[in-house]
Structures are given as structure tokens and as C-alpha cells.
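For the numbers below, each heavy atom of this structure counts, side chains included, while hydrogens, waters and symmetry mates do not.
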Amino acid sequence: MKNVFGIAIRTTIVTLVLTGLIYPFVMTGLSQVLFPWRANGSLVTDEKGQVVGSELIAQGFTNPAYFQPRPSAAGEKGYDATSSSGSNLGPTSKKLQDRINDDFKRLKSENPEATGPIPAELLTASASGLDPHLSPDAMLWQVPRVAKSRGVSPDRVKAVVDASVEGRTFGILGEPRVNVLLVNLALDRQFGKATPLPPPPEKKETKDATKEGATPAQPTSQTTPPPAK
């Protein structure tokens with residue numbers, strides 16, 4: 001019995017050292033030597049060298065001068081890298097249908113000059129909520145809005161998109177795609193940074209003077225879309 005117990009202890013210690021210490025350190029060291037940029041999160045910087053995001057994680061853009069990614073159900077406000085997930089809502093969910101209808105109306109309103117139907121991926125969230133890519137068709141559908149907001153011709157914006165199309169992985173896996181963040185940075189480099197949207201007004205509470213026998217007025221608040229990044 002003691003021999004069995006001793007063998008179990010030694011096996012546990014050896015396994016712990018091999019898989020819990022040696023293997024992680026070796027893999028971390030190799031990744032830092034072979035592809036450090038990928039190993040450290042594929043971070044993207046602007047022209048000033050400041051980190052503005054990751055090539056692997058989508059982020060929301062509300063400024064009309066930038067391309068918008070797919071909707072996100074990751075976190076309370078979407079695009080939360082610490083809460084990667086889908087909505088888990090089924091096709092018969094009224095909440096999902098309402099969200100899609102709202103996005104449909106918003107996209108139609110924000111893109112009056114877009115031609116053709118709205119690409120499905122602009123209405124549906126990815127399983128992770130953090131998909132950084134769109135198809136070339138979904139990017140080109142937004143070109144008229146982006147060009148008008150920046151005061152340039154649609155052909156010039158389209159050229160930036162066309163130059164940013166990524167092919168299939170290894171030539172056979174997946175579909176051609178465009179990284180939304182990288183294209184938006186390319187737009188800033190070529191045409192200058194877009195004028196930021198004005199910050200939303202602070203929430204205000206209005207209260208009527210309390211009168212004898214009267215009920216105080218309920219506070220009201222005003223909400224606006226979040227500022228552009």
C-alpha cells in the first residue's frame with residue numbers, strides 16, 4: 001500500500017512539473033522567439049505608436065466616417081473582450097427579432113445611398129461577439145456613407161477596402177475577408193482622422209419643487225449613442 005501511495009505522489013509531482021511548469025515555459029519562450037507580435041496579442045498601433053486595439057478583437061465604431069463591424073452580444077454594451085459570447089437567443093426569440101429590426105432601421109437610416117439589400121452579417125452577431133472581420137461585400141455596402149462623411153469620392157474609399165482584402169487562409173480555408181479596424185486606420189492615414197462626434201450630454205435630473213400634498217417629480221434622463229472611438 002505504501003509503495004502504491006509513493007508511486008502516486010511521484011507521478012503527480014512529475015506530471016505537475018512537466019505540464020504545469022516546463023511545458024508552459026518552453027511554449028511561451030518559443031512563441032516569443034518565433035512570432036512575438038502574435039504571442040503578445042496582435043496589438044495594433046496608430047501613427048503615434050499608441051495601441052488602439054487588437055487585430056483579433058472587434059470594437060464598435062459609431063462615427064459615420066468609419067466602417068462598422070458586426071453587432072456584438074459580448075458584454076452589456078457589446079465588444080467586451082472579457083465577456084466573449086453570443087446572445088444564445090433562438091430564431092423565434094422576440095428579443096432577437098426586435099434587435100435585428102432596430103439595427104435594420106438604423107442601418108437604412110445611416111446609409112441612405114447604399115445599394116442592394118443589407119448584408120446579413122451586419123444584422124447578425126458572431127458566436128464570439130468579437131469577430132474583427134467583414135466580407136468585402138459588407139464593407140463595400142458602407143462605402144457611400146464613409147465617403148460622404150469624409151468628403152472624398154467613393155472610388156477612393158473603395159480602393160482602400162480593395163487593398164485590405166485578406167485571402168483564404170492557406171489559400172483554401174475560409175472566405176476572403178477584411179479587418180474593420182485595420183481599414184479604419186488606413187482611412188485615417190490616407191484622409192486624416194475623422195471629426196469626432198460630440199460627447200453625449202450629461203444625464204440631468206429635473207425636480208419640481210415639492211409642494212404640500214404634491215408628489216415630487218420623477219427624475220428623467222436623456223440617453224444618446226456612445227461617442228465614436
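- Val180 and Leu107 fall within a single hydrophobic cluster, where Ile, Leu, Val, Met, Phe, Trp and Tyr are joined by side-chain heavy atoms under 4.5 Å apart, directly or via other members.
- You'll find the side chain of Pro132 stays beyond 4.5 Å of the side chain of Leu181, heavy atoms only.
- For the pair Ser149 (side chain) and Val146 (backbone), a donor-acceptor distance under 3.5 Å is absent.
- Using a 4.5 Å cut-off between side-chain heavy atoms of Ile, Leu, Val, Met, Phe, Trp and Tyr, with links allowed through other members, Val178 and Phe61 fall into different hydrophobic clusters.
- Remark: side-chain polar atoms of Asn63 are not paired, donor with acceptor, to backbone N or O of Tyr66 under 3.5 angstrom.
- Follow the hydrophobic side-chain contacts under 4.5 Å out from Val160 and you reach Leu134 in the same cluster.
- Hydrophobic cluster membership differs between Phe35 and Ile57, with clusters built from Ile, Leu, Val, Met, Phe, Trp and Tyr side chains linked at under 4.5 angstrom.
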Kindly indicate, with the supporting measurements, whether the criterion side-chain hydrogen bond (donor to acceptor under 3.5 Å, both in side chains) is fulfilled by Thr169 and Arg177. CA-CA 10 Å; Thr169 304; Arg177 55 199 179 271; 3.0 Å; yes
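- Not one N or O on the side chain of Ser109 forms a donor-acceptor pair closer than 3.5 Å with the backbone of Lys105.
- By the 4.5 Å heavy-atom criterion applied to side chains, Lys108 and Ile118 are counted as neighbours.
- Met139 and Leu185 sit in two unconnected hydrophobic clusters of ILVMFWY residues. Membership requires side-chain heavy atoms under 4.5 Å apart, directly or through other members.
- Separating the CG atom in Leu182 from the CD atom in Glu55 is a distance of 5.0 Å, to the nearest 0.5 Å.
- Closest non-hydrogen pair, Gly86 versus Ala73, comes out as C-CB, 3.9 Å.
- Contact between Ala65 and Leu187 at its shortest, heavy atoms only, is O-CD1, 4.1 Å.
- Pairing each heavy atom of Pro69 with each of Gly60, the nearest pair is CG-CA, 4.4 Å.
- For the pair Trp141 (side chain) and Ala114 (backbone), a donor-acceptor distance under 3.5 Å is absent.
- Nearest heavy-atom pair, Ser42 versus Leu56, reported as atom, atom and distance to 0.1 Å: OG-CD1, 3.7 Å.
- Within the 4.5 Å cutoff, the side chain of Ser84 has heavy atoms near those of the Ser128 side chain.
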What verdict does the salt bridge (charged side-chain N to carboxylate O under 4.0 Å, His left out) test give for Lys158 and Asp155, after you've listed the backbone C-alpha separation in whole Å, the side-chain angles of each residue and the deciding distance to 0.1 Å? CA-CA 5 Å; Lys158 181 178 181 298; Asp155 288 340; over 6 Å; no
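- Taking the ring centre of Tyr79 as origin, the terminal cationic atom of Arg70 falls outside the region bounded by 6.0 Å and 45° from the ring axis.
- Although no hydrogens or angles enter the test, the distance criterion places no donor-acceptor pair under 3.5 Å between the side chain of Glu175 and the main chain of Ser135.
- Of all heavy-atom pairs between Val152 and Phe191, the closest is CG1-CD2, 3.9 Å.
- Gly53 approaches Gln59 most closely through the heavy-atom pair CA-NE2, 3.8 Å.
- The closest donor-acceptor contact from the side chain of Ser72 to the backbone of Gly129 lies under 3.5 Å.
- No side-chain heavy atom of Glu121 sits less than 4.5 Å from a side-chain heavy atom of Ser126.
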Tell me which donor-acceptor pairs under 3.5 Å the side chains of residues 9-22 have, and how far apart each pair is, sequence neighbours excluded?
| from | atom 1 | to | atom 2 | distance (Å) |
| --- | --- | --- | --- | --- |
| Thr11 | OG1 | Ile7 | O | 2.8 |
| Thr12 | OG1 | Ala8 | O | 2.8 |
| Thr15 | OG1 | Thr11 | O | 2.7 |
| Thr19 | OG1 | Thr15 | O | 2.6 |

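- Asp46 is listed as a side-chain neighbour of Lys193, based on a closest heavy-atom distance under 4.5 Å.
- Put simply, the residue from Glu166, Arg168, His133 that forms a side chain to side chain contact (heavy atoms under 4.5 Å, CB included) with Pro176 is Arg168.
- Remark: Asp162 CG to Leu140 CG distance equals 6.0 Å, nearest 0.5 Å.
- Taken to the nearest 0.5 Å, the CD atom of Glu110 stands 8.5 Å off from the OG1 atom of Thr62.
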Determine whether Glu113 and Arg145 satisfy the following criterion, salt bridge (charged side-chain N to carboxylate O under 4.0 Å, His left out), listing intermediate values before the conclusion. CA-CA 7 Å; Glu113 300 178 5; Arg145 183 199 75 239; over 6 Å; no
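- Within a 6.0 Å sphere centred on CD of Glu76, other residues, nucleotides and ligands contribute 12 heavy atoms or fewer.
- Using a 3.5 Å distance cut-off with no hydrogens or angles, the side chains of Arg106 and Gln68 do pair a donor with an acceptor.
- Side-chain atoms of Thr45 never come within 3.5 Å of backbone atoms of Gln50 as a donor-acceptor pair (strictly under, hydrogens ignored).
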In sequence, state the C-alpha distance, the side-chain angles, and the governing distance for Thr82 and Asp80, and then conclude on side-chain hydrogen bond (donor to acceptor under 3.5 Å, both in side chains). CA-CA 5 Å; Thr82 65; Asp80 184 350; 2.6 Å; yes
